[in-house]
Amino acid sequence: MSETKKFLYVNRKAPYGTIYALESLEVVLIGAAFEQDVALAFIDDGVYQLTQGQDTTGIGVKNFSPTYKALGDFDVNKIYIEKESLEARGLTLDDLMPLKYEDEDDDWAEKDSIHVVSSEELSEIMDQSDVVLSF
Amino acid sequence: MKLSVQINEGPYTHAASDTAYQFTKAALEKGHEIFRVFFYHDGVNNGTRFTTPPQDDRNLVNLWSELAEKHNLDMVVCVAAAQRRGIVDPDEAKRNGKDGNNIAPGFRISGLGQLIEAGIQSDRLVVFGD
C-alpha cells in the first residue's frame with residue numbers, strides 16, 4: 001500500500017450528545033498510522049469539538065477533548081474550521097484550543113494547525129480530496 | 001469501478017442501512033466491484049443474528065448476509081464500535097469473557113484500519129448515515 005491519498009475527515013456534530021465526534025477521532029488516530037495525507041474539517045456544530053475549557057463532569061461522559069492536542073504528534077496538522085459556522089455560533093478563534101505542531105521541514109518550528117476558511121474555500125478543499133469521511 | 005461502502009447507522013431506526021443495501025446490490029448488478037462493506041458507529045448493529053423483525057417486514061441482517069454469500073462480500077464490523085454495543089463473535093467472546101456471541105453469517109469483526117484500507121484501495125468510498 002504505497003499509494004498516498006488525500007483523506008478529509010468532516011466533523012459536523014457537537015462533541016457530546018452523540019458519539020460521532022469521539023468515534024471520528026478514533027478513525028483519525030488509527031488512520032494516522034497509514035501515512036496518508038490527512039486533513040480535518042469542522043463545520044456546523046462540529047466547531048464545538050475544538051472549544052476550550054470543555055467540562056463534562058455534569059453529564060458523566062468522558063471529556064476526550066485533550067486528545068485533539070495530540071493530533072500534531074500524529075502528523076495531523078491540517079485542521080480547517082469553517083468561518084461561517086464559527087460566526088453563526090458567536091465563536092472566534094480565541095474560543096478554540098490552540099492546536100500546534102512542530103514542522104520538521106522548518107527546524108521543528110511550532111506552528112498552528114488550525115486554519116479558518118470560508119465555506120467556499122472548504123468546498124474547494126473537499127473537491128481536491130480523494131476520500132471524504134463525514135461524521 | 002471498485003467501491004467500498006461505509007454504514008454508520010443501525011437498522012430500522014434509520015434508513016442508512018436500507019439505502020446502503022440497495023446501493024450495494026445495484027452496484028453489484030451493474031458489474032461494479034465491492035471491495036468492502038464497513039459497519040461503524042451504530043451501524044455495527046446490522047451484524048447481529050439475534051435481530052427478529054416482524055415477519056411481514058424486511059430482515060435487513062439476513063438481507064446483508066445473503067448478499068454477502070451470493071457475492072462473496074467482505075463485510076467488516078468495527079471492533080471498537082462493536083465492543084461498546086455488544087456485537088460479539090466467538091473470538092471476542094473469549095477475549096472479553098462473554099457468555100455467548102451474536103455475529104451474523106458473512107460479517108467479521110476487525111479494526112478501523114480496514115476502513116482506511118478500503119479508502120485507499122477503492123475508487124470511491126460511499127458513506128451512508130446522518
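Letters A, B, ... mirror the listed sequences (proteins, then strands); counts begin at 1.
- Remark: B:Arg95 engages B:Asp91, B:Glu92 in a side chain to side chain contact (heavy atoms under 4.5 Å, CB included) (not counting sequence neighbours).
- Residue B:Lys25 qualifies as open at atom NZ: its count of foreign heavy atoms under 6.0 Å is 12 or below.
- Hydrophobic clustering (ILVMFWY, side-chain heavy atoms < 4.5 Å, transitive): A:Val28 and A:Tyr80 are in distinct clusters.
- Taken from CD in A:Glu35 to CD1 in B:Ile116, the straight-line distance is 13.0 Å, to the nearest 0.5 Å.
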Tabulate below the donor-acceptor pairs under 3.5 Å that side-chain atoms of residues 126-135 of chain A make, not counting sequence neighbours, or state none.
| unit_1 | atom_1 | unit_2 | atom_2 | d |
| --- | --- | --- | --- | --- |
| A:Gln128 | NE2 | A:Glu124 | OE2 | 3.0 |
| A:Ser129 | OG | A:Ile125 | O | 2.8 |
| A:Asp130 | OD2 | A:Lys6 | N | 2.8 |
| A:Ser134 | OG | A:Arg12 | NE | 2.9 |
| A:Ser134 | OG | A:Arg12 | NH2 | 3.4 |

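- In the displayed structure, A:Lys100 atom NZ is contacted under 6.0 Å by more than 12 heavy atoms of other residues, nucleotides or ligands.
- Of all residues in residues 123-130 of chain B, those placing a non-hydrogen atom less than 4.5 angstrom from a non-hydrogen atom of chain A are B:Leu125, B:Val127, B:Asp130.
- Both B:Ile103 and B:Phe39 are part of a single hydrophobic cluster, where members link through side-chain heavy atoms under 4.5 Å apart.
- Inspection of non-hydrogen atoms places no residue of residues 67-76 of chain A under 4.5 Å from chain B.
- Enclosure of atom NZ in B:Lys94 is not indicated, since only 12 or fewer non-hydrogen atoms of other residues, nucleotides or ligands lie within 6.0 angstrom.
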Walk me through it: do B:Arg84 and A:Ile19 pass the test side chain to side chain contact (heavy atoms under 4.5 Å, CB included)?
CA-CA 11 Å; B:Arg84 285 193 178 100; A:Ile19 201 169; 3.7 Å; yes
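- With values rounded to the nearest 0.5 angstrom, B:Leu115 atom CG is found 12.5 Å from A:Glu26 atom CD.
- Around CD of B:Glu69, the count of heavy atoms belonging to other residues, nucleotides or ligands within 6.0 Å does not exceed 12.
- In the hydrophobic clustering of this structure, B:Ile87 groups with B:Met75; members are Ile, Leu, Val, Met, Phe, Trp, Tyr whose side-chain heavy atoms approach within less than 4.5 Å, directly or through other members.
- Side-chain heavy atoms closer than 4.5 Å link hydrophobic residues (I, L, V, M, F, W, Y) into clusters, and following such links, possibly through other members, connects A:Leu93 to A:Ile79.
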What's the verdict on side chain to side chain contact (heavy atoms under 4.5 Å, CB included) for B:Gln6 and A:Val27, showing C-alpha distance, side-chain angles and the deciding distance?
CA-CA 13 Å; B:Gln6 180 185 343; A:Val27 181; over 6 Å; no
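- Annotation: the span from B:Gln121 atom CD to A:Lys5 atom NZ amounts to 7.5 Å, rounded to 0.5 Å.
- Residues A:Val117 and A:Leu91 fall into different hydrophobic clusters, defined by Ile, Leu, Val, Met, Phe, Trp and Tyr side chains chained together at heavy-atom separations under 4.5 Å.
- In this structure, no portion of A:Leu29 lies under 4.5 Å from any heavy atom of chain B.
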